[in-house]
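What you see is a predicted model; the values in this text were computed from it and never measured. For ligands, and for the atoms within them, numbers begin at 1 and follow the listed sequence.
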Amino acid sequence: MDTHAGFDVIVIGAGPAGSAAACFLARRGVRTLLLDKTTFPRDKTCGDAISYRAMQVIEDMGALDAVRAVAQPITHVRFVAPDGRQVSRPLPPHARYDSILVAPRLQLDDLLKQAAEQAGTSLRENAAVESYTPGADGVQVTLAGGERLRARLVILATGANTALLKRQGILPKLPLTMLAARGYARHLQADPHEILFNYDRMALPAYGWVFPLPAGRANVGAGFYRVGPRRRQMPATARQSLADYLHNPLVEAALGGQTDLDEVKSYPLRVDFLKAPKTAPGALIVGEAAGLVNPLTGEGIDYALESGALAAEWATGMLAAGDFGARRRNGYARALQKHFAHSFRYHAFFRDTLFTYPELLNRALALAERDPAFMEHLLNAALGILDPAKILAPRFLWRLARNT
Ligand SMILES: Cc1cc2nc3c(=O)[nH]c(=O)nc-3n(C[C@H](O)[C@H](O)[C@H](O)COP(=O)(O)OP(=O)(O)OC[C@H]3O[C@@H](n4cnc5c(N)ncnc54)[C@H](O)[C@@H]3O)c2cc1C
């Protein structure tokens, strides 16, 4: 069967990246079809934390009020250093928002997909893409089951599921991933507006988290990279790392001793943006499918949304010019690099230095406790609203080196 539905763009994958791309394309009058292999609302294994940057794009999509209604506002953050030192601070003020948010992906992704539909996108759920074939007159997309659809361009937004990218020969082998697992606690007994990051009792680079949700629930998780000097001491699996984390005394206290979390799931995080393919003939690649997850914090919702918006802009230009060639595609890849590569390099550097060696992280968090300016830099850099290079300011390096 060959369906000529008359779409300009087919977006494959209705996570944050795909829904943002589809929403902004449809707003520009582009005939857009959004496909997902699942049916919504669908879960996505995640920490559920939504940064200021993500909130900005969600607001641009017209969905922020709806997301706020299902989210927990977060105003404070607590870090626990490898030596057990606890540092708690309010999040630095933001020009536009007075809190970040934590919202279950089950609801967040449903609302983002609805925003894309409200903008005029056509949606097909339960539509797994088997392959696509670029040609002179556009791209033919084949669904599992054999149905064929046509468009002038596809946007690949398939997240960390690399099956389609591998079948297309875009990603020959699985790149370095962070391994992480999360579950839901039912009765949080800690501050419901404070997120917790633990670096104690872990083989770094790794961390555990407790992120409060509405109705006294919490998203609890742990993640690690199997790299660095302590890789042999790391847990065998992400689920094991989460099971170990639940026995951290601070977490036991925060969860009232609950160790049987609901919906425990693990999933990899692709953090290979700098080397990852960002386009292919007939296609632009967005979000985690392009390796776009912060290699230090594991945040990917904001990068997914921003890259979706960027791809919509470039796709519109390609459609207007009727030019889908390598030069235009490379322009999109360069725009992605310009937007993300600098901070990405620094975050990877901090992961491999400050956040890998316990003594360095102890010093950094001790300095953050003493020096509000350093803490604010650290938080704003982690939140992606300050150039992370500023953490390497000589006055901070000097104090870190001297441990004063
Ligand atoms: C344990 C864990 C914790 C995390 N915590 C956070 C956090 O707190 N904050 C944060 O910002 N990020 C976090 N992340 C990262 C974040 O979840 C992802 O980076 C983000 O979901 C990427 O969005 P995306 O739209 O690119 O892909 P996804 O959200 O993965 O969406 C991809 C979509 O594509 C669909 N799809 C895949 N293949 C096909 C196909 N062949 N045909 C049709 N559809 C297909 C899937 O069904 C899915 O709906 C975490 C990740 C993990 C694993």
Practice item. Would you check whether V129 has a nitrogen or oxygen atom less than 3.5 angstrom from a nitrogen or oxygen atom of ligand 1? Key: yes
Check your understanding: Step by step, would you call R53 with E299 a salt bridge (charged side-chain N to carboxylate O under 4.0 Å, His left out)?
Key -> CA-CA 11 Å; R53 278 172 66 165; E299 278 174 303; over 6 Å; no
Review point. Got the closest protein heavy atom to atom 30 (O) of ligand 1, with its distance?
Key: K44 CE, 3.3 Å
Side-chain donor-acceptor distances from residues 171-178 under 3.5 Å, at least two apart:
none

Practice item. Could you check atom 1 (C) of ligand 1 against the protein and tell me its nearest heavy-atom contact, residue, atom and distance included? Key: A180 CB, 3.5 Å
Point to revise | Identity and distance of the protein heavy atom lying nearest atom 51 (C) of ligand 1 | key: L269 CD2, 3.4 Å
Check your understanding: Counting only heavy atoms, which portion of V293 has something under 4.0 Å from ligand 1: side chain, backbone, both, or neither?
Key -> side chain
Check your understanding: Which of parallel (below 30°), tilted (30 to 60°) and perpendicular (above 60°) describes Y97 and H94?
Key -> parallel
Review point. For atom 32 (C) of ligand 1, which candidate among G13, A128, S266, A157 provides the closest heavy atom?
Key: A157
Check your understanding: Can you list every pair that meets ring pair (Phe, Tyr, Trp, His ring centres under 6.0 Å) and has a residue in residues 57-80, with sequence neighbours left out?
Key -> F79-F197
Review point. Using a heavy-atom cut-off of under 4.0 Å, does the side chain or the backbone of L292 touch ligand 1, or both, or neither?
Key: neither
Check your understanding: Can you tell me how far the CZ atom of F355 sits from the CG atom of L360, to the nearest 0.5 Å?
Key -> 10.5 Å
Exercise for review: Measure the distance from atom 22 (C) of ligand 1 to every protein heavy atom, then report the residue, atom name and distance (to 0.1 Å) of the closest one.
Suggested key: E288 OE1, 3.5 Å
Exercise for review: Return a yes/no value for G298: is any of its N or O atoms, backbone included, closer than 3.5 angstrom to an N or O of ligand 1?
Suggested key: yes
Study note, to complete from the structure: The reported gap from CG in L386 to CG in L378 (rounded to nearest 0.5 angstrom) is 10.0 Å
Review point. What protein heavy atom is closest to atom 8 (O) of ligand 1, reported as residue, atom name and distance in Å?
Key: A49 N, 3.1 Å
Practice item. Give a yes/no verdict on whether any heavy atom in A127 is under 4.0 Å from an atom of ligand 1. Key: yes
Check your understanding: To the nearest 0.1 Å, how far is atom 12 (N) of ligand 1 from its closest protein heavy atom, and which atom is that?
Key -> G300 N, 2.9 Å
Practice item. Return the option from V286, V11, D36 holding the heavy atom at the smallest distance from atom 49 (O) of ligand 1. Key: D36
Review point. Looking at ligand 1, does any of its N/O atoms fall within less than 3.5 Å of an N/O of A289?
Key: no
**Study point:** Protein heavy atom at shortest distance from atom 25 (O) of ligand 1
**Key:** A17 N, 2.9 Å
Review point. Within less than 4.0 angstrom of ligand 1, does R105 place any heavy atom?
Key: yes
Practice item. Examine F211 against ligand 1 and note whether any of their N/O atoms are separated by less than 3.5 Å. Key: no
Practice item. Quick one: look at I301 and ligand 1, take heavy-atom pairs under 4.0 Å, and tell me if it's side chain, backbone, both or neither. Key: both
Check your understanding: At what distance is the nearest protein heavy atom to atom 36 (N) of ligand 1, and which residue and atom is it?
Key -> K37 CE, 3.8 Å
Exercise for review: Take the angle between the ring planes of F340 and F273 and call it parallel below 30°, perpendicular above 60°, tilted in between.
Suggested key: perpendicular
Review point. Contact between R42 and ligand 1, counting heavy atoms under 4.0 Å?
Key: yes
Review point. What do we get for C46 next to ligand 1 when only non-hydrogen atoms under 4.0 Å count, side chain, backbone, both or neither?
Key: both
Review point. Are L365 and D83 side-chain neighbours, meaning at least one heavy-atom pair lies under 4.5 Å?
Key: no
Revision key, fill the gap. Here the pair of heavy atoms bringing P82 nearest to N362 is CD-OD1, 3.1 Å
